[in-house]
Amino acid sequence: MRFLIAYATYSGNTKEAAELIADFLEKAGHAVGFHWIGAERTPDIAHFDALILGSFTWAEGSVPEEVKDFILDVGYKPPNTFIFGTGDTQFGGDALFCRAAVKLARFYESPLPPLKIEQSPRGGQEEAVRAWTSRVEERAGAGIRMSN
Ligand SMILES: Cc1cc2nc3c(=O)[nH]c(=O)nc-3n(C[C@H](O)[C@H](O)[C@H](O)COP(=O)(O)O)c2cc1C
């Protein structure tokens with residue numbers, strides 16, 4: 001399958017999570033495209049079978065403006081969309097932790113709950129990333145294609 005991993009990052013945590021997800025998908029034989037939201041022109045989503053969208057959380061549980069612009073640029077809600085996020089529980093505990101990812105998963109009616117990572121995914125959280133990515137693979141394979 002062809003996956004597009006689109007991610008927003010300021011300090012690199014969400015990029016690291018995106019790279020880890022890509023590693024797992026590529027090792028499983030999938031093609032992966034990368035898009036850094038806000039830094040590059042939005043690609044044509046219809047060239048991919050599934051969208052994996054990653055975002056940090058900002059300002060009391062907010063979705064970053066760059067991610068909202070990306071959503072509007074894409075212009076429709078691809079059905080096969082999976083969400084991951086990085087956050088930090090120091091910014092408001094469980095209620096606000098990775099709240100952007102929770103909001104995005106609800107907005108896209110994602111087939112899976114969002115993956116939530118506390119800051120960098122390296123180390124102890126890698127296994128959670130691997131397990132979530134493997135569920136994405138299963139669900140994306142079973143899902144309908146995204147071209148509108
Ligand atoms: C001003 C500010 C507000 C933040 N608010 C939240 C928040 O409400 N919830 C949360 O889970 N993380 C919050 N964070 C933490 C970031 O989402 C977290 O550090 C994230 O991993 C950064 O991603 P990046 O390295 O990809 O830019 C906040 C960070 C900053 C600097």
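Residue indices begin at 1 and follow the sequence shown. Note that ligands are numbered from 1 as they come in the structure, with each ligand's atoms numbered from 1 the same way. Below, each value reflects all heavy atoms present in this structure, side chains not excepted, and no hydrogens, waters or symmetry copies. The structure presented is a predicted model; accordingly, all values stated were derived computationally and were not measured.
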Checklist entry - Do Phe34 and Phe24 sit in the same hydrophobic cluster, where Ile, Leu, Val, Met, Phe, Trp and Tyr count as joined when their side-chain heavy atoms come under 4.5 Å apart? => result yes

Extract all donor-acceptor atom pairs below 3.5 Å that involve side chains of residues 128-135 and protein atoms in other chains or at least two apart in sequence.
from, atom 1, to, atom 2, distance (Å)
Arg130, NE, Glu127, OE1, 3.0
Arg130, NH2, Glu127, OE2, 2.8
Trp132, NE1, Pro113, O, 3.1
Thr133, OG1, Val129, O, 2.7

Item to check | Val67 versus Ala8, closest heavy-atom pair with distance | outcome: CG2-CB, 3.6 Å

Checklist outcome for this item: Per the under 4.0 Å non-hydrogen criterion, ligand 1 touches Thr9, Tyr10, Ser11, Gly12, Asn13, Thr14, Phe56, Thr57, Trp58, Ala59, Glu60, Gly61, Thr86, Gly87, Asp88, Phe91, Leu96, Phe97, Cys98, Gln119

Item to check | Candidate pair Asn13 and Thr86, rule side chain to side chain donor-acceptor pair (under 3.5 Å), full reasoning | outcome: CA-CA 7 Å; Asn13 291 337; Thr86 68; 4.8 Å; no

Item to check | Chi angles and distances behind the side-chain contact (heavy atoms from CB on, under 4.5 Å) call for Val63, Phe107 | outcome: CA-CA 11 Å; Val63 175; Phe107 175 76; over 6 Å; no

Item to check | Any donor-acceptor pair under 3.5 Å from Gln125 side chain to Ser120 backbone | outcome: yes

